Engineer: 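Dropping the structure in here first, questions after.
Numbering of ligands and ligand atoms starts at 1, following listing order. Predicted model, so just to flag it, every value in this text is computed and none were measured.
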Amino acid sequence: MARRRVIIDTDPGVDDAVAILLALASDELEVVGITTVAGNVGVDATTLNARRLLELAGRPDVPVARGASRPLNGSPQLDVSVHGADGLGDLLWDEPRVREHHLDAVDLLHEAITEAPTSIVAIGPLTNLARLLERYPGDDEAPEQVVVMGGASFEGNVTPAAEFNVWYDPEAAAVVAGASWPMVFMPLDLTHQALMDDEDLARLRALDTPVGRRVADMLEPYAAFHDEWYGTRDVIMHDATAVYELIDPSAITKQGVGLSVETSGTYSRGATWFDRRRVNETSSTRVGLSLDNELFVTVILERLARFA
Ligand code: RIB
Ligand code: CA
């Protein structure tokens with residue numbers, strides 16, 4: 001079966017790290033690039049982290065292109081460090097030999113989606129994708145599919161209304177929501193079904209490989225954050241759900257929806273309104289509804305075990 005070309009736009013981020021490694025380990029996918037954006041940490045750190053992860057995966061062939069250092073509007077500040085100060089759980093890393101690509105994120109995205117059918121996996125704030133549509137309006141027809149981890153149908157995580165990736169850049173999310181791309185959104189109500197527990201982290205360690213150990217180690221502060229916030233160490237694998245969708249499009253149940261993004265409002269800025277009031281078979285936008293977590297985690301563990 002032909003491998004699906006994907007380019008991953010990301011703000012690593014420890015759950016981004018699992019998503020990126022999952023994509024790299026999956027024969028169904030060909031990762032043709034990684035583009036970075038400010039989000040969980042600044043773009044210097046997200047770009048360094050992408051290089052670190054490709055070094056860890058033994059994939060210096062995958063280009064890394066730096067993207068937006070700030071959202072389209074505003075300068076969001078979050079006083080919670082979910083992913084560690086460096087964005088990858090504050091472990092010790094050697095300086096990666098993987099270098100940055102000479103193109104910026106927008107041009108690498110444009111190059112990838114116009115040279116051959118390519119899907120975009122967007123697992124950070126959507127600033128780069130909004131800038132892509134601004135710099136290359138014709139790309140409104142270009143990507144094969146766009147899978148976004150973002151939004152929330154019922155309850156946010158940064159505020160009661162807003163999920164982080166949308167909260168960080170609501171204007172960019174509104175631009176992307178208005179694109180004519182075939183899109184699937186994985187909102188928090190879906191991703192909160194996608195959990196790895198301490199036994200799963202122990203299984204990663206038991207692989208006794210650099211990837212297994214590193215991923216388990218970098219998820220430790222994330223598990224502590226979950227314990228503090230949600231009263232359980234089960235870690236939510238938000239971003240891996242977007243990659244999982246492209247690995248097996250039958251795995252996550254979905255529904256056609258309308259989508260509006262709130263960019264104003266004292267309490268509602270960054271809210272996402274997924275309109276699911278009726279069956280909507282004609283919309284080019286779908287939302288993820290449910291997944292089988294046991295299958296999801298089995299795929300992650302089996303694929304991460306493929307790294308030597
Ligand atoms: O709300 C979850 C999203 O915000 C994930 O992409 C996570 O990496 C953080 O960026
Ligand atoms: Ca992310």
Side-chain angles (χ1 to χ4, degrees), residues 6-23 34-43 45-50 52-53 64 67-71 76-90 105 120-129 146-170 172-173 176 184-196 215 218-219 221-223 225-226 229-230 234-245 261 269-272 274 287-288 300:
V6 300
I7 185 164
I8 302 173
D9 190 69
T10 178
D11 63 334
V14 297
D15 65 318
D16 303 68
V18 174
I20 290 165
L21 292 167
L22 174 63
I34 291 182
T35 52
T36 62
V37 66
N40 286 319
V41 286
V43 73
T46 59
T47 306
L48 173 59
N49 289 340
R52 283 169 167 172
L53 291 168
V64 177
S69 59
R70 51 178 299 102
Q77 297 299 321
L78 203 57
D79 58 4
V80 178
S81 167
V82 175
H83 300 260
D86 75 349
L88 278 190
D90 293 327
I120 299 173
V121 175
I123 53 177
L126 294 166
T127 317
N128 291 338
L129 272 65
V146 179
V147 187
V148 177
M149 189 279 130
S153 303
F154 309 109
E155 180 182 86
N157 53 8
V158 178
T159 71
E163 177 276 325
F164 177 82
N165 289 335
V166 177
W167 170 85
Y168 190 88
D169 196 341
V176 170
V184 181
F185 280 75
M186 299 301 172
L188 294 180
D189 24 295
L190 182 278
T191 65
H192 278 242
Q193 300 170 43
L195 305 168
M196 291 182 78
V215 171
M218 74 173 68
L219 287 175
Y222 193 52
F225 163 80
H226 281 70
W229 267 64
Y230 301 115
D234 292 359
V235 287
I236 306 169
M237 290 287 99
H238 300 284
D239 293 336
T241 64
V243 173
Y244 188 49
E245 169 64 17
V261 177
R269 176 169 162 81
T272 47
F274 293 100
V287 67
I300 290 178

Engineer: Looking only at protein heavy atoms, which one is nearest to atom 10 (O) of ligand 1, and what is the separation?
Structural biologist: Asn40 OD1, 2.9 Å

Engineer: For ligand 1, which atoms sit closer than 4.0 Å to a heavy atom of Asp16?
Structural biologist: 8 (O)

Engineer: What is the name of the N/O/S atom of Asp11 that is nearest to the Ca ion (ligand 2)?
Structural biologist: OD1

Engineer: Looking only at N, O or S atoms, find the one in Asp239 nearest to the Ca ion (ligand 2) and name it.
Structural biologist: OD2

Engineer: Where is the nearest protein heavy atom to atom 6 (O) of ligand 1: which residue, which atom, and how far?
Structural biologist: Asp239 OD1, 2.6 Å

Engineer: His238 side chain to Thr191 main-chain N or O, any donor-acceptor pair under 3.5 Å?
Structural biologist: no

Engineer: Considering only non-hydrogen protein atoms, determine which one is nearest to atom 1 (O) of ligand 1 and report residue, atom name and distance to 0.1 Å.
Structural biologist: Glu163 OE2, 2.6 Å

Engineer: Tell me the contacting part of Val82 for ligand 1: side chain, backbone, both, or neither, using a 4.0 Å heavy-atom threshold, strictly below.
Structural biologist: neither

Engineer: Quick check: does Gly39 have an N/O/S atom under 3.0 Å of the Ca ion (ligand 2)?
Structural biologist: no

Engineer: Where does the angle between the aromatic ring planes of Tyr222 and His226 fall among parallel (under 30°), tilted (30 to 60°) and perpendicular (over 60°)?
Structural biologist: perpendicular

Engineer: Which residues pass the side chain to side chain donor-acceptor pair (under 3.5 Å) test with Glu245, not counting sequence neighbours?
Structural biologist: Lys254

Engineer: I'd like to know whether the aromatic ring centres of His192 and Tyr230 sit less than 6.0 Å apart in this structure.
Structural biologist: yes

Engineer: Can you check the angle at the Ca ion (ligand 2) formed by OD2 of Asp16 and O of Ile123? Round it to the nearest 10°.
Structural biologist: 80°

Engineer: If you measure from each non-hydrogen atom of Asn157 to ligand 1, which part falls under 4.0 Å: side chain, backbone, both or neither?
Structural biologist: side chain

